[in-house]
Amino acid sequence: MLGEKLKMLRKSRCMTQQELGKALGISTSTVGMYEQGRRSPDHATLLKICQLFEVSSDSLLLDSPVLSEQQAALQSNIDLNDVIEDFRAHLLSQQGLMFNGMPLSESDIAQVVDAIEVGTMVAVEKLRRRTNNGGEA
């Protein structure tokens, strides 16, 4: 719970684990352990996390989500980006991958995933416009 929220907050600021560790005065591996739930921050570090991300300790520690709508939407976008990156890695790990009987090179696979990312961005922008225009596309 804390780990997932910390990861979401870190990614919402486009920070690496190394950058977060430096900001908190802890190691990159410690940040990773926090995010994986293998370790919990001490009181002082928890306070630094709350100050850095401008959230209450309750929003990090409580079982129920206490995130704003904007943060929840951002978490969804991050999840989709993670899925696309996992998909990219999966495709690149396949030997002899083909599309309609034609073998795909790493460059071809990169173009396919790039096209998926572009399509995703177009769909998200269309949804934002529809939302901002009161339901009109």
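We count residues from 1, following the sequence as given.
A single hydrophobic cluster is seen to contain both Leu97 and Phe87, as judged by linkage of ILVMFWY side chains at heavy-atom distances under 4.5 Å, directly or through other members. Taking hydrophobic clusters as Ile, Leu, Val, Met, Phe, Trp and Tyr residues chained together by side-chain heavy-atom distances below 4.5 Å, Met33 does not share a cluster with Ile26. At a threshold of 4.5 Å between side-chain heavy atoms, the hydrophobic network of Ile, Leu, Val, Met, Phe, Trp and Tyr places Phe99 and Val113 in one connected group. Grouping the Ile, Leu, Val, Met, Phe, Trp and Tyr side chains by contacts below 4.5 angstrom, directly or via other members, places Leu47 apart from Val55. Ile84 and Val122 are members of different hydrophobic clusters when ILVMFWY side chains are connected at heavy-atom separations under 4.5 Å.
Atom OG of Ser57 sits about 11.0 Å away from atom CD of Gln51, to the nearest 0.5 Å. Rounded to the nearest 0.5 Å, atoms NZ (Lys7) and CD (Glu4) are 9.0 Å apart. Gln17 CD to Leu6 CG: the interatomic distance, rounded to the nearest 0.5 Å, is 8.5 Å. In this structure, the separation between CE on Met15 and CG on Leu20 is 5.0 Å, given to the nearest 0.5 Å. One finds the NZ atom of Lys22 at 12.5 Å from the CG atom of Leu24 (value rounded to the nearest 0.5 Å). Considering CZ of Arg39 and OG1 of Thr30, their distance stands at 4.5 Å, rounded to 0.5 Å.
Using a 3.5 Å distance cut-off with no hydrogens or angles, the side chains of Ser27 and Ser29 do pair a donor with an acceptor.
Considering only heavy atoms from C-beta on, Thr120 stays 4.5 Å or farther from Glu117 through its side chain. The shortest distance between side-chain heavy atoms of Met8 and Phe53 does not fall below 4.5 Å. Counting only heavy atoms from C-beta outward, the side chains of Leu104 and Met98 never approach each other to under 4.5 Å.
Taking both residues in full, the closest heavy atoms of Thr28 and Gln18 are given as OG1-CA, 3.3 Å, listed atom of the first, atom of the second, then distance. Across all non-hydrogen atoms, the minimal contact from Asp42 to Tyr34 is N-OH, 4.4 Å. Nearest approach of Leu46 to Pro41, heavy atoms of both residues: N-CB, 4.1 Å. When all heavy atoms are compared, the tightest approach of Arg13 to Leu52 is NH1-O, 3.0 Å. Smallest separation of non-hydrogen atoms from Cys50 and Ser56: SG-C, 3.8 Å.
The number of heavy atoms from other shown groups lying within 6.0 Å of CD (Gln94) is above 12.
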Practice item. Kindly indicate, with the supporting measurements, whether the criterion salt bridge (Lys or Arg N to Asp or Glu O under 4.0 Å) is fulfilled by Arg88 and Glu85. Key: CA-CA 5 Å; Arg88 178 191 311 270; Glu85 283 308 310; 3.4 Å; yes
**Study point:** salt bridge (Lys or Arg N to Asp or Glu O under 4.0 Å) evaluation trace for Arg10 with Glu35
**Key:** CA-CA 10 Å; Arg10 175 179 60 79; Glu35 290 183 358; 2.5 Å; yes
